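Positions are given from 1, in the same order as the sequence printed here. Keep in mind the model is a prediction, meaning the values are calculated, not measured.
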Amino acid sequence: MDPKKLAKDTFDRIVTGLAGGSEPSVPGAPGGEAPSVAEPTEPRRPLPAKPDQAAPEVRTATGVETDAVPDARAQQEPFLTTSTGIRLRDTDHSLKAGERGPTLLQDHHLREKITHFDHERIPERVVHARGAGAHGAFIGYGTADSVCRAGFLREGVETPTFVRFSTVLGSRGSADTVRDTRGFATKFYTAEGNFDLVGNNMPVFFIQDGIKFPDIIHAGKPHPDREIPQAQSAHDTFWDFVSLHTEAQHHTMWNMSDRGIPRSYRMMEGFGVHTFRVENDARETALVKLHWKPRLGVHSLTWEEAQLIGGIDPDFHRRDLYDAIETGAYPAWELGMQVLPDEPDQMFAGIDLLDPTKIVPEELAAVQPVGLMVLTANPTNFFAETEQVAFHVGHLVPGIDVTDDPLAQARLFSYVDTQLTRLGGPNFNQIPVNRPHVETNDMLRDGFHQHAVHAGVAPYRPNSLDGGCPFQAGADVERAFEHLAARVPEATKVRAQPASYDDHFSQVRLFWLSMTPVEQEHIVRAYTFELGKCFEQAIKERQLQCLANIDARLCAEVATGLGLPAPEPTVGLADVEPSPALSQVGREWPADGRLVGIVVDPDGDLSGVAEARTAIFEAGMVPLVIAPHGGVVGEGLTAQRTFATARSVEFDALLVAGAPVPAPDARALRDAKAGADDTPNLDPRVVLLVEECFRHAKVIGAWGDGTAALDLTGCSGAPGIVRGKTGADVLARVQEQLAAHRVWERFAAS
């Protein structure tokens, strides 16, 4: 069967099964039902979870299924209790010696409440601290059978998953839209045990050997004396390291490209980074690189959008993920494999497959789809799930093994070591979100937070006191893990690397030359901005030398922005063939989950708005009505945004259905955005909104009085501006252009 058709059929089956005939709605309701104005006083059981939420399966600490309902771990009691279940009459007043007297030490409820509060936080991750997660399912296509015997890849096998997306450098409280690498970590709860694919949204990494991981992170993190800047690489220590440590130049180029500021987690590729060794049923091995391909295509923010969003909505990416799932626009990715021969030298087309700073261009080895993952439910509790989920590169299943990539080898140690500190001891795999969906029988005992109640007296083997249990799996036992055979060459112990690791610039040049003109322009801006934030002139000059070894025009453009001369290259510029697959521009994608703003005038003609709103829902997108004020703005029409709260960064496309005159709050003293324009016949916030959407290359449509509003903004007549007689007609043509993400032809750089 055609993998593309299989992907569509699989996605449609999942979505159809989840839809349940529910009516579309604007996402964002915080609870399971609407609250009353007055404080509720009639005791009742806790509200159920929202329809978009799920939780880890209810299994015992040793992985056994239970008959418990999904919310068995949630609160059940209608009355407030202590942690031991004793009901409380008062949690608002400490126990004191008289109304004005000192608080008594015997107030055990006060001490329990405060002590638990004092210890609510656990150490945040050193990297990937800022994250968002969701539950989903993976369905194998069976197309990987010829190369990999892992059970979850078999045709039709459905495997529960939990995915955590994250930034790398920032703390938990940092903004989502910083320029940074994103983590894309997936836990597969397979029938053979847990498999963790712990990757990034970039296929290469900064370093070739894991021993240097503390160095690159220390360089990228805030300066240790002032703890600034937060969640960004635009500072001296980062550029000092990467300009001296030139193997980092490839990953740095990816970060400076649009890949460093994704539009959404839903529109982000994922990569396993390392090369894995796989084995089929015939015990034949191959080397593979793993890719996640988003169903909605790869899409990014503009730099101005990222900066605006950082102030307007620092939670932009996690909100986008949660809202998409809540509205039924379920994010989906195909898992793909680049299959490469397992040769003794572990090279392919002159590329060292053990070097994590190198890619294999898709034109040399196609990415073959092997399964589909759809995220279908939000967490019920962020801490219990997203914050406590523990990934490990060594969580492998039969048929998949690591290679000798020195970065991967260090990660095999580091991930477990990290969890011991973060999650309070060695039993972190017993936390519900980490528990495997198969029964376990290890000989690991005791330790902090041991949830299992182990029977028997002999946690060792061989033994006779426990009847010999647990037994090792023999050759005739299925689902047993084996390290895949690979010859280790005779060698001496050295601290060194192969000569094939020494090329630090040719693939960086390949990436640059694979970009379209508009993408290259964004890269120039990014380097110019980041290096412009550095204080030390020597660091800027050193990085310019690195750029000169990549491309003369790139170096010259950045040097001009810095007011410095462009140096000559110190190495020969590589003659490389561009890889079109690296570009984000030029293809079309589904519009599922896109946000469409509709500007209305409550005192004007609202015909066509309700029709357009319905059509947006039917197209799998989310309409947000923007008006001078909140509440009802027309018969059956409610505003979700106001001119005071709306900015272009929230919308993927904009429809203008009216030309509202300045509202009462359109005063610079009340709303600074109202001072952006002096157009007397149109609210200045609408002018700003349209101009921003135009500048950010978004599709803009208008009908009726909205066409007059467009004329007043001066944005008419350019590419991506759609005018029509009805809302439905305009929307249809807007949706066609929205498939390309943006209207880059609006600007000469494209």
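Going from atom CD1 of Ile309 over to atom CG of Leu301 covers 4.5 Å, rounded to the nearest 0.5 Å. Between the CG atom of Leu420 and the OG1 atom of Thr418 there is a distance of 8.5 Å, given to the nearest 0.5 Å. Put simply, CD1 on Ile139 and OG1 on Thr161 are 8.5 Å apart, with the number rounded to the nearest 0.5 Å. Considering NZ of Lys293 and CE of Met373, their distance stands at 14.5 Å, rounded to 0.5 Å. Atom-to-atom distance recorded for Arg179:CZ and Gln307:CD is 9.0 Å, nearest 0.5 angstrom. For the atom pair CG of Leu335 and CG of Leu197, the computed distance is 7.0 Å after rounding to the nearest 0.5 Å.
The number of heavy atoms from other shown groups lying within 6.0 Å of CZ (Phe481) is above 12. Applying the 6.0 Å contact sphere to NE2 of His451 captures more than 12 heavy atoms from other residues, nucleotides or ligands. Atom CZ of Phe383 has more than 12 neighbouring heavy atoms from other residues, nucleotides or ligands inside a 6.0 Å radius. Other residues, nucleotides and ligands contribute only 12 or fewer heavy atoms inside 6.0 Å of the CD atom of Glu65. Other residues, nucleotides and ligands place no more than 12 heavy atoms under 6.0 Å from the CD atom of Gln75.
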| field | salt bridge (charged side-chain N to carboxylate O under 4.0 Å, His left out) evaluation trace for Asp592 with Arg295 | value | CA-CA 9 Å; Asp592 302 29; Arg295 181 173 174 270; 2.9 Å; yes
| request: Apply salt bridge (charged side-chain N to carboxylate O under 4.0 Å, His left out) to the pair Asp107 and Arg111, showing each step before the final yes or no. | output: CA-CA 6 Å; Asp107 189 347; Arg111 285 186 287 119; over 6 Å; no
| query | Run the side chain to side chain donor-acceptor pair (under 3.5 Å) check on Thr91 and His109 step by step: do they pass? | reply | CA-CA 8 Å; Thr91 191; His109 173 50; 2.9 Å; yes
| request: Under the side chain to side chain donor-acceptor pair (under 3.5 Å) rule, what do Glu439 and Thr62 come out as? Steps first, then yes or no, please. | output: CA-CA 6 Å; Glu439 297 180 8; Thr62 52; over 6 Å; no
| request: For side-chain contact (heavy atoms from CB on, under 4.5 Å), just list the numbers for Gln584 and Arg259, CA-CA rounded to whole Å, side-chain angles, deciding distance to a tenth of an Å, and then say yes or no. | output: CA-CA 9 Å; Gln584 298 181 197; Arg259 303 278 186 148; 3.3 Å; yes
| request: Take Arg164 and His128, measure what side chain to side chain donor-acceptor pair (under 3.5 Å) needs, and give me the verdict at the end. | output: CA-CA 10 Å; Arg164 186 178 187 271; His128 299 279; 5.4 Å; no
| request: Show your reasoning for whether side-chain contact (heavy atoms from CB on, under 4.5 Å) applies to Arg445 and His454. | output: CA-CA 8 Å; Arg445 295 294 185 268; His454 294 104; 3.4 Å; yes
| request: For Arg182 and Val168, run side-chain contact (heavy atoms from CB on, under 4.5 Å): C-alpha distance rounded to whole Å, both residues' side-chain angles, the deciding distance at 0.1 Å, then the answer. | output: CA-CA 6 Å; Arg182 265 73 182 174; Val168 172; over 6 Å; no
| field | side chain to side chain donor-acceptor pair (under 3.5 Å) between Thr181 and Asn255, intermediate numbers included | value | CA-CA 6 Å; Thr181 306; Asn255 256 353; 3.2 Å; yes
| task | Could you give me the CA-CA distance, side-chain angles and deciding distance for Arg435 and Glu57, then say whether salt bridge (charged side-chain N to carboxylate O under 4.0 Å, His left out) is met? | result | CA-CA 9 Å; Arg435 289 180 184 176; Glu57 284 193 16; over 6 Å; no
| ring-ring contact (aromatic ring centres under 6.0 Å, His included) between Phe195 and His395: does it pass, once the steps are laid out? | CA-CA 5 Å; Phe195 170 56; His395 288 166; 9.6 Å; no
| request: For His135 and Leu375, run side-chain contact (heavy atoms from CB on, under 4.5 Å): C-alpha distance rounded to whole Å, both residues' side-chain angles, the deciding distance at 0.1 Å, then the answer. | output: CA-CA 6 Å; His135 298 272; Leu375 298 185; over 6 Å; no
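Below 30°, between 30° and 60°, or above 60°: for Phe271 and His291 the angle between ring planes is above 60°, a perpendicular geometry. Classified by interplanar angle (parallel below 30°, tilted 30° to 60°, perpendicular above 60°), the ring pair Tyr265/His317 is tilted.
A salt bridge links Glu387 with Arg172: at least one charged nitrogen is closer than 4.0 Å to a carboxylate oxygen. Between Glu124 and Arg130 there is no salt bridge, since none of the side-chain N atoms of the basic residue sits less than 4.0 Å from a carboxylate O of the acidic one. Salt bridge present: Arg44 and Glu33 bring a charged side-chain N and a carboxylate O closer than 4.0 Å. Salt-bridge check for Asp652 with Arg263: passed, with a basic side-chain N closer than 4.0 Å to an acidic carboxylate O.
Taking both residues in full, the closest heavy atoms of Glu192 and Pro398 are given as CB-CD, 4.0 Å, listed atom of the first, atom of the second, then distance. A pairwise comparison of heavy atoms in Val26 and Pro623 identifies CG2-O, 3.8 Å as the closest pair. Ala54 and Ala377 get closest at one heavy-atom pair: CB-CB, 3.3 Å. Nearest heavy atom pair, residue Pro379 against residue Ala134, reads CD-CA, 4.4 Å. Of all heavy-atom pairs between Val625 and Gln640, the closest is N-OE1, 2.8 Å. Closest approach of Gly131 and Arg318 over heavy atoms only: O-NH2, 2.8 Å.
The closest side-chain heavy-atom distance from Asp313 to Phe316 is below 4.5 Å. Residues Asp320 and Arg266 form a side-chain contact, since some pair of their non-hydrogen atoms from C-beta on lies under 4.5 Å apart. Within the 4.5 Å cutoff, the side chain of His449 has no heavy atoms near those of the Leu423 side chain. Taking 4.5 Å as the limit, some side-chain heavy atom of Phe162 sits within range of a side-chain heavy atom of Val433. Between Ile400 and Cys148, the closest side-chain pair of non-hydrogen atoms falls below 4.5 Å. Side-chain contact between Arg641 and Glu650 is present, with heavy atoms from C-beta onward closer than 4.5 Å.
Defined by atom type and a distance below 3.5 Å, a donor-acceptor pair is missing between the side-chain atoms of Arg594 and His299. Between the side chains of Asn378 and Asp52, at least one donor N or O sits under 3.5 Å from an acceptor N or O. If you check the side chains of Ser171 and Ser174, you find no donor sitting under 3.5 Å from an acceptor. Counted by atom type alone, Gln76 and Arg45 present one or more donor-acceptor pairs between their side chains at under 3.5 Å.
Between the Asn194 side chain and the Tyr189 main chain, no donor and acceptor come within less than 3.5 Å of each other. Proximity of a side-chain donor or acceptor of Asp90 to a complementary backbone N or O of His93 within less than 3.5 Å is detected.
With a 6.0 Å cutoff to the six-membered ring centre and a 45° limit on the axis angle, Lys187 counts as a cation-pi contact of Phe391.
With Tyr141 as reference, Glu334 is the one residue of Glu334, Arg154, Glu155 to meet the side-chain hydrogen bond (donor to acceptor under 3.5 Å, both in side chains) rule.
Proximity of the aromatic rings of Phe165 and Phe184 is defined here by a centroid distance below 6.0 angstrom, and this criterion is met.
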